[in-house]
Q: 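Got a structure for you, questions after.
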Amino acid sequence: MQKQTKIFFLFTVFTMFFSVSLHAQKKANQKKNTKKTVTKKATAKKTVAKKTVTKKNNKSTTTTVETSNPTTTKETTTLNKKDTTQPDVVIIYAAFKPSLRNAAKLNFTAASPVVDTTKISLKYVVPAQNLLFSYQPVPLKPLALFVDSSYKWNNNMFVKLGYGGYSTPYIETGLSFGNGKEKLTSIYAMHTSSKGNLPFQQFGKTKLNIAGNYAVNAAHELYGKLYYDNNTQYQYGYQPSTLIFDKNDLKQQFNSIGLQMGYRRKIPNTYGLTYNPSLHLNYFFDAKKAGEFNVIAKVPIDKTFNENLKLNVALTADITAYKDSLKTINNNLFYLDVAAQYQINKVKLNIGLQPAFDNSEVNLLPNITAEAKLINDKFLFHAGFTGHFVKYNYLNLAAFNPYMAQPAYLVNTKVTEIYAGFKGAAGSHLTYNATVGFITMKNMPLFVNDAVTGKSFLMLNEPTLQGIKLRGEFGYNIQEKLSILAGATIYQFTKSTNEKPYGIMPVEISGSLIWKVLKDLHIKSDVFIWDGVKYLSKTNTTEKLSGAFDLNLGAEYTIMPKLNLWLQFNNLLGNKYQRWNQYEVLGLNVVGGVVYSFR
């Protein structure tokens, strides 16, 4: 062990001495500024590549070192012996330098757009417009407006004032409040009256409606309406004219106070169901101590299975309680509508039934219709076998004939119809619709003059009335510049228990026109044409009234951004026809005024 320690000590001393000698020799050689040339003979070459990694400032640089070590000659050996401290030659071929990549730049080239020579055909498809008003007046029902989120609602408010011939004042106003999304409240009021040349030939009408729509959430909506209607006229059509009546005896004043409310689901739920239960309360009374209370409750439910199949179920209860100074009448109608709608390709089918309870009578009515699209979907054939009930109460009867006496009874009319027809569009502006059908009406109320003076109309029941019904419509529209709508209904009765269907129009034609002549000038026109109705004279013979042609013309011109002038010509040709026997209408009447809009 001691021997190994001595050897290690001698080797360390020798190494230190040799290193000091090499360092001194290197210093001496650096003082000599002589150039030495080493001749290398390429008898043999050996290249050794080494990689040296140098760390500096936490960065790594990789270099490639090439060392040449040729075969030693005498001269070289001598040189190596003389200068043993000559450093190796290091050649750096490449060094890594971090750099950022050049950023891409967007180049905008100002080039004109490519001209598209393709002509787009824009066609206005206008649905068929039905101008026929049914025998029973149909109430207007408020519908929810699907508000686009990008649409900005503006409250619309206007006041329309006017005055004209036959001492006719005209006042109308419409107000709306709310943002149009979560809530909307509207108020409408109107009053007008006229006084003719005949004794007690006076008319008056007043309306006041307050309606509201309120969004409960994104899917449900609560709506309601509170209204009051007043219609006043007098039974001036008595004969002979030498008779003397008290004004209160001739007064026909009908008042209606009502409340409508409902809760609607606007979009289907996860089960594909939508519903719209509603309740309508109405109290109707006249100036002769007769009153009537009406309740209408509806619960419709729609189920959507897929794009082709849909099921509709609706339960309706229509209850009426009438009372005057002599009697009390109850008239109740309950019915259930069940229908399935199925659509495949270009054919749409509706198959349904309506079980109904008309007071104590049970009925089962059909509801079967079919539609098929033909000729590039522009021509549609439709046919059906349908049935429904028309509820007749004092409210509906007085709206149809305001000169009637208090009803002695109340009935509901059962209507069934088998029809077929076609409808469609011709070109970009014209639409049409035509149907022919066989119709049956049971328990139809007719009206005849009383046998003494003729001033009052008495109800006459028609057990079975059958006939052929022809219906045609057409519409022509050019954007918002011109709109023409017209319709005609023709009845050809083939069977009736009474001699004639007294009070029913056999031919009725109506039409309307709206024309934007200039930017600030609009023209409106209405026309009514019908054949004379049959009536029963005092001698108990059937007579026929003359036909009627009533043309109305109106114009509205904007003189200021918020102020318009309006002018209306009623019965422009001055025809004094009679809709009801012994009741002559007013002649030409001109009414004009201003309209101020707050928007």
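Since the structure is predicted, the reported quantities are computational estimates derived from the model, not experimental observations. These numbers come from the heavy atoms of this one structure, side chains and all, not from hydrogens, waters or symmetry mates.
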Q: Minimum heavy-atom separation for E508 to W530, with atom names?
A: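 Minimum heavy-atom contact is CA-CB, 4.1 Å.
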
Q: Which atoms form the tightest heavy-atom contact between Q354 and H388, and what is the distance?
A: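 That closest heavy-atom pairing would be OE1-CA, 4.1 Å.
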
Q: For Y228, which residues count as a ring pair (Phe, Tyr, Trp, His ring centres under 6.0 Å) partner, sequence neighbours excluded?
A: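 Residues passing ring pair (Phe, Tyr, Trp, His ring centres under 6.0 Å) with Y228: none at all.
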
Q: Between N294 and T320, is there a side-chain donor-acceptor contact under 3.5 Å, judged purely by atom types and distance?
A: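 Distance-only check passes for T320 and N294.
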
Q: If you count the non-hydrogen atoms of other residues, nucleotides and ligands that lie under 6.0 Å from NZ in K538, is the total more than 12?
A: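 Counting neighbours around NZ of K538, more than 12 heavy atoms of other residues, nucleotides or ligands fall under 6.0 Å, so yes.
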
Q: Quick check against the 3.5 Å criterion: does E462 have a side-chain atom that pairs as donor or acceptor with the backbone of N498?
A: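 Answer holds: yes.
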
Q: Suppose we screen for side-chain contact (heavy atoms from CB on, under 4.5 Å). Which residues come up paired with T386, at least two apart in sequence or across chains?
A: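 T386 satisfies side-chain contact (heavy atoms from CB on, under 4.5 Å) with N367, T369, E417, Y419 only.
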
Q: Do the side chains of I319 and F334 get nearer than 4.5 Å, heavy atoms only?
A: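 SC-SC contact between F334 and I319 confirmed.
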
Q: Could I get the full list of side-chain contact (heavy atoms from CB on, under 4.5 Å) partners for P199, not counting sequence neighbours?
A: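 Once residues adjacent in sequence are excluded, the partners of P199 under the side-chain contact (heavy atoms from CB on, under 4.5 Å) criterion are Y238.
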
Q: Ignoring hydrogens, what is the shortest heavy-atom contact between E182 and N179? Give both atom names and the distance.
A: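 In this case the closest contact between E182 and N179 is OE1-ND2, 2.5 Å.
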
Q: Where do F389 and D358 come nearest, in terms of heavy atoms and distance?
A: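 Shortest heavy-atom contact: CE2-OD2, 3.6 Å.
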
Q: Quick test of your reading: applying salt bridge (Lys or Arg N to Asp or Glu O under 4.0 Å), list the pairs with at least one residue in residues 542-563, sequence neighbours left out, ordered by first then second residue.
A: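 Qualifying pairs: D531-K544.
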
Q: For Y491 and F493, what are the C-alpha separation, side-chain angles and deciding distance, and is it a ring-ring contact (aromatic ring centres under 6.0 Å, His included)?
A: CA-CA 6 Å; Y491 288 100; F493 296 106; 5.4 Å; yes

Q: Measure from NZ or CZ of R264 to the centre of the six-membered ring of Y275 and say whether it is under 6.0 Å with the direction within 45° of the ring axis.
A: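 No, cation not above the ring by the 6.0 Å, 45° rule.
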
Q: Counting only heavy atoms not in K442, do more than 12 sit closer than 6.0 Å to its NZ atom?
A: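 It does not: K442 NZ has 12 such atoms or fewer within range.
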
Q: So with a 6.0 Å cut-off around CD1 of I244, is the heavy-atom count from everything else above 12?
A: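 It does not: I244 CD1 has 12 such atoms or fewer within range.
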
Q: Check side-chain contact (heavy atoms from CB on, under 4.5 Å) between T206 and all other residues, then give those that pass, not counting sequence neighbours.
A: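 For T206, the residues satisfying side-chain contact (heavy atoms from CB on, under 4.5 Å) (neighbours in sequence not counted) are H191, N230.
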
Q: Among N331, N363, N393, find the residue that satisfies the side-chain hydrogen bond (donor to acceptor under 3.5 Å, both in side chains) test when tested with N412.
A: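 The single option meeting the side-chain hydrogen bond (donor to acceptor under 3.5 Å, both in side chains) with N412 is N331.
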
Q: Apply ring-ring contact (aromatic ring centres under 6.0 Å, His included) to the pair Y535 and Y502, showing each step before the final yes or no.
A: CA-CA 5 Å; Y535 70 94; Y502 302 112; 8.5 Å; no

Q: Would you mind listing every salt bridge (Lys or Arg N to Asp or Glu O under 4.0 Å) that reaches into residues 314-332, with sequence neighbours excluded?
A: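 Counting only pairs at least two positions apart or across chains, the salt bridge (Lys or Arg N to Asp or Glu O under 4.0 Å) contacts touching residues 314-332 are D318-K391, D324-K327.
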
Q: Side chains of Y170 and S193: do they bring a donor and an acceptor to under 3.5 Å?
A: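 Not at all, the side chains of Y170 and S193 share no donor-acceptor pair under 3.5 Å.
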
Q: What pair of heavy atoms forms the shortest contact from L208 to A189, and how long is it?
A: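 Closest approach of L208 to A189, heavy atoms only: CD1-CB, 4.0 Å.
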
Q: Would you verify whether the NZ or CZ of K160 falls within 45 degrees of the ring axis of W566 while also being under 6.0 Å from that six-membered ring's centre?
A: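 The answer is yes, since K160 meets both limits relative to W566.
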
Q: Show the nearest heavy-atom pair for residues P407 and I329, with the distance to one decimal.
A: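 Minimum heavy-atom contact is O-CD1, 4.4 Å.
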
Q: Closer than 4.0 angstrom, basic N to acidic O: yes or no for E221 and K266?
A: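 Result for this pair is no, no salt bridge flagged.
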
